[in-house]
Amino acid sequence: MTFQEDWDDRSAYIELALQKSGGAYSIDDVHEYVVSGDAHFEPIENGGAIFFFHQYPNKKVLRIWLAGGILEDGLAPVLHSAAREAKRLDCDAIEVEGRRGWERVLRPHGFEHKRTVLVKELDK
């Protein structure tokens with residue numbers, strides 16, 4: 001399949017993940033990041049994931065930004081794809097941006113809590 005065919009087939013999964021992430025991005029924003037090369041779209045069976053490469057001053061990481069779909073094998077396909085992409089990019093770590101419940105799910109895969117982001121929505 002081509003990128004566009006994969007995207008057309010799986011972007012609804014990414015859109016569902018976006019709906020749970022606070023409304024900062026639309027599916028069109030994500031598509032633009034992927035097409036420009038600022039993000040990586042990884043089609044997985046019955047779903048998809050979006051990765052970002054992030055260069056901190058002292059560490060290179062692959063961030064799993066969005067993942068969605070019918071993950072019958074749990075997170076294994078997403079984590080496998082992330083590990084492959086992180087190795088290709090010579091990253092030092094993989095990090096996940098997500099809701100609090102992911103900490104419990106990812107701990108058995110070697111992830112540990114490092115920081116918390118708190119958000120206060122402002123009235124407009």
Side-chain angles (χ1 to χ4, degrees):
M1 284 187 135
T2 67
F3 159 75
Q4 195 58 53
E5 290 170 329
D6 280 335
W7 180 262
D8 291 344
D9 193 41
R10 294 174 171 85
S11 63
Y13 297 122
I14 301 300
E15 196 162 16
L16 286 173
L18 282 170
Q19 290 173 5
K20 297 177 182 180
S21 69
Y25 300 91
S26 71
I27 194 67
D28 293 333
D29 298 326
V30 175
H31 184 265
E32 188 174 316
Y33 280 126
V34 172
V35 170
S36 72
D38 291 327
H40 173 77
F41 168 63
E42 184 69 31
I44 56 173
E45 187 173 345
N46 298 314
I50 305 291
F51 306 145
F52 266 118
F53 171 76
H54 189 76
Q55 177 68 59
Y56 292 103
N58 298 307
K59 185 181 266 192
K60 293 189 294 188
V61 301
L62 181 87
R63 179 178 295 156
I64 302 172
W65 176 31
L66 296 163
I70 305 164
L71 303 176
E72 294 167 355
D73 296 325
L75 289 175
V78 174
L79 297 176
H80 175 75
S81 295
R84 186 183 69 241
E85 187 70 4
K87 185 174 183 170
R88 184 183 75 76
L89 294 170
D90 195 30
C91 292
D92 299 303
I94 296 171
E95 65 183 17
V96 175
E97 180 179 322
R99 298 183 318 276
R100 178 171 283 162
W102 286 114
E103 181 180 355
R104 178 183 43 81
V105 173
L106 291 168
R107 192 175 302 122
H109 296 279
F111 287 80
E112 58 185 76
H113 181 266
K114 294 287 184 178
R115 62 186 168 274
T116 301
V117 176
L118 301 169
V119 177
K120 178 182 178 182
E121 300 291 341
L122 301 175
D123 294 330
K124 297 220 172 194

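Not measured: the values here are computed from a predicted model.
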Problem - Worked check of side chain to side chain contact (heavy atoms under 4.5 Å, CB included) between Asp6 and Phe3 - result: CA-CA 5 Å; Asp6 280 335; Phe3 159 75; 5.7 Å; no
Test of understanding: clusters of I, L, V, M, F, W, Y form through side-chain heavy atoms closer than 4.5 Å, transitively. Do [X] and [Y] belong to the same one?
| X | Y | result |
| --- | --- | --- |
| Val61 | Phe51 | no |
| Ile50 | Val78 | no |
| Phe41 | Phe52 | yes |

Are [X] and [Y] packed together at the side-chain level, in the sense that at least one heavy-atom pair is separated by less than 4.5 angstrom?
| X | Y | value |
| --- | --- | --- |
| Glu95 | Lys114 | no |
| Arg10 | Glu42 | no |
| Leu79 | Leu106 | yes |
| Tyr25 | Ile14 | no |
| Ile44 | Ser81 | yes |

Practice task
Find the distance between SG (Cys91) and NE2 (His54) and round it off to the nearest 0.5 Å.
Solution key: 11.0 Å
Handout entry: Separation between NZ of Lys87 and CG of Leu62, rounded to the nearest 0.5 Å
Key =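 Spacing of NZ (Lys87) from CG (Leu62) equals 14.5 Å.
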Handout entry: Lys59 side-chain N/O to Asp92 backbone N/O, donor-acceptor pair under 3.5 Å
Key = no
Exercise for the section: Taking Asp29 for its side chain and Ser26 for its backbone only, find out whether a donor-acceptor pair lies under 3.5 Å. Expected result: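 Checked: pair present.
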Looking only at non-hydrogen atoms, find the nearest pair between [X] and [Y] and report the distance.
| X | Y | result |
| --- | --- | --- |
| Leu66 | Ala17 | CD2-CB, 4.1 Å |
| Glu5 | Met1 | OE1-CA, 3.4 Å |
| Ile64 | Ala82 | CD1-CB, 3.8 Å |

Handout entry: Pair Trp65-Val30, side chain to side chain contact (heavy atoms under 4.5 Å, CB included): steps then yes or no
Key = CA-CA 10 Å; Trp65 176 31; Val30 175; 3.6 Å; yes
Exercise for the section: Please check if atom CD in Glu103 has more than 12 non-hydrogen atoms from other residues, nucleotides or ligands closer than 6.0 Å. Expected result: yes
Exercise for the section: Report, as yes or no, whether the 6.0 Å neighbourhood of atom OH on Tyr33 holds more than 12 heavy atoms from other residues, nucleotides or ligands. Expected result: no
Problem - Evaluation steps, side chain to side chain contact (heavy atoms under 4.5 Å, CB included), between Val105 and Phe111 - result: CA-CA 9 Å; Val105 173; Phe111 287 80; over 6 Å; no
Problem - CA sep, side-chain torsions, deciding dist, call: Leu89, Lys60, side chain to side chain contact (heavy atoms under 4.5 Å, CB included) - result: CA-CA 9 Å; Leu89 294 170; Lys60 293 189 294 188; over 6 Å; no
